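Single-structure report; data block below.
Keep in mind that this is a model prediction, so the values were computed, not measured. Chain letters run A, B, ... following the sequence lines, proteins first and then strands; every chain starts at 1.
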Amino acid sequence: MDRTKIADALGGESQGQEITIAGWVRTVRHSKGGFSFIALNDGSCFAQIQVVADNTLANYDSEILHLTAGCSVIASGKLVASEGKNQSVEIQSTEIRVIGKSDAEKYPIQPKRHSFEYLRTQGHLRSRTNTFGAVARVRNRICSAIHEFFQQRGFLYVHTPIITTSDCEGAGEQFNVTTLQMNDIPRNDDGGVDFSQDFFARPTYLTVSGQLEVEPYCCSLGDVYTFGPTFRAENSNTPRHLAEFWMVEPELAFADLQCDMDLAEAFLKHIFRAVLEDCREDMQFFNERIDKTVIETLTHVIESDFERVTYTKAIEILTQTDRKWEYPVEWGCDLQTEHERFLTEEVFNAPVILTDYPRGIKPFYMRCNDDKKTVAAMDVLVPKIGEIIGGSQREERLDVLLKRMEQCGMDISEYWWYIDLRKYGTIPHAGFGLGLERTVQFATGMANIRDVIPYPRTPRNAEF
RNA sequence: UCCCCGAUAGCUCAAUUGGUAGAGCGAGCGGCUGUUAACCGCUAGGUCGUAGGUUCGAGUCCUACUCGGGGAGCCA
């Protein structure tokens, strides 16, 4: 079938031509004048196209008059200038084939506003709505912008494994991967699980981060990035957490924390610029119906220089304000959501990059600073979301790394391959992780992370 | 996992101090209309999340559980 996408039809270039479009009915209005108006959407853009159906159509009485929301149709006709006010062009149809009916009494997506909570129970159909169609298109554009950004800069896309044996040191609780039967688990003499009988003959997990596996590629091929799903078995019930989410993790070769921060800032700006430029209609919708400040916020991020502040300086700011904190602030403590939001929303009113955190609250692989107290870490904080990027320069000095792993009580033998990178041609390198869904949230203004991923996985929830 | 709030028609919500359930939207039918989240009229539709308890009487009060939302922790 030679199908014209509705986005192209509305572009108007084929005006005056005979075209065929296909999609799902949003609304139908019948006129006693002997014709009907069908608003058709095919997902190619936010807008519907209006199909005018005349009662001279063979199936006008038998089918067109009974069309309802959700029906799928293929319509052919001439693309003409519209007499109506809300669209410049419309299709004067010569044939409309009803492909799939949709029982209006039972169709879960009514032509009215639904709550997002309700639509989550209709995960297979919610992409038929304005909001979820727009989210899907923006999410897609963000993903293409991510690849675009790195490919333009000569970064290599590396696929790190989903099933891993390393835990990336405290990045989060992990899901076990096993083929052992739950009701018949083989035991060792000491009562522990006998993993030698498992598929991989050892405990394995779903990845919580591709960082450790992408570093070797960085230390041989230069600038690289990994981009894929990650999993956390944390019992987190918040609008900002998922058990399965997507993460982008670039790793820069021969680079320090400054390079890392420059990259992160340019990266975020590239993504938001792409969304604003290429998803105008969708963004207009989000700005009108979801968050009235979202376009302004994104524009502000693109145009402003990110504030770069050391952790130590941030603690100073937080202790000198009259603001009362639920969690007390002192040097050495991890910053809480209230602190991060205060800094980015009230003190700087812009994205903030916090750097040089105390060693004690950061993982083993971060590079120790000369002060022996802090590490070369950086977090990018944005309004509303808080931490959107976390990164660091990696510890490239073998002796320092080993000492640090020892202090952290790690089993060094498990990480022999990671340590090898410091033995054979070690280099300074740095990287960060960006949560895709939080980025989509920030770009769209959607309040709940469950509404920016097609099928959210959260504690006690894996429907669809 | 902790704290707070909620669950009533297909959906979004209302129901006074405990007295036996309503609206809007949607749907069906009819009217009107180059309409556009159209408009006007009529109709159908509910063991008030589940299980106990208090009471002459519970949508309303109490307890537990389930699910949902907000905040927090963990983090991306």
Item to check | Rounded P spacing from B:rG45 to B:rG10 in Å | outcome: 11 Å

Checklist entry - If the P atom of B:rG46 is compared with that of B:rU50, how far apart are they to the nearest Å? => result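 After rounding to an integer number of Å, I get 15 Å for this pair.
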
Next on the checklist: Between A:Gly33 and A:Tyr118, which residue's closest nucleotide on RNA chain B lies nearer the 5′ terminus?
Outcome noted: A:Tyr118

Next on the checklist: If you assign each of A:Ile385 and A:Asn448 to its closest nucleotide in RNA chain B, which residue comes earlier from the 5' end?
Outcome noted: A:Asn448

Calculate the interatomic distance between [X] atom [atom1] and [N] atom [atom2]; express it in whole Å.
{"X": "A:Met446", "N": "B:rG69", "atom1": "CE", "atom2": "P", "result": "13 Å"}
{"X": "A:Glu173", "N": "B:rU1", "atom1": "CD", "atom2": "C1'", "result": "12 Å"}
{"X": "A:Arg232", "N": "B:rC75", "atom1": "CZ", "atom2": "P", "result": "9 Å"}

Checklist entry - Which listed nucleotide (B:rA72, B:rU33, B:rC11) is nearest to the side chain of A:Gln110? => result B:rC11

Checklist entry - Contact class for A:His114 (heavy atom, under 4.0 Å): base, sugar-phosphate, or nothing? => result sugar-phosphate

Checklist entry - Passes ring pair (Phe, Tyr, Trp, His ring centres under 6.0 Å), A:Phe150 versus A:Tyr157? Steps please. => result CA-CA 8 Å; A:Phe150 289 123; A:Tyr157 181 27; 9.4 Å; no

Item to check | Listed once per pair and sorted, the salt bridge (Lys or Arg N to Asp or Glu O under 4.0 Å) pairs that draw on residues 452-464 of chain A, sequence neighbours left out | outcome: none

Item to check | A:Thr207 backbone acceptor or donor facing A:Arg232 side chain under 3.5 Å | outcome: no

Next on the checklist: Using the six-membered base ring of B:rG34, report whether A:Phe35 stacks on it, requiring centroids under 5.5 Å and planes under 30° apart.
Outcome noted: no

Checklist entry - Is it true that A:Arg97 and A:Glu63 make a salt bridge, defined as a side-chain N closer than 4.0 Å to a carboxylate O? => result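 Salt bridge absent between A:Arg97 and A:Glu63.
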
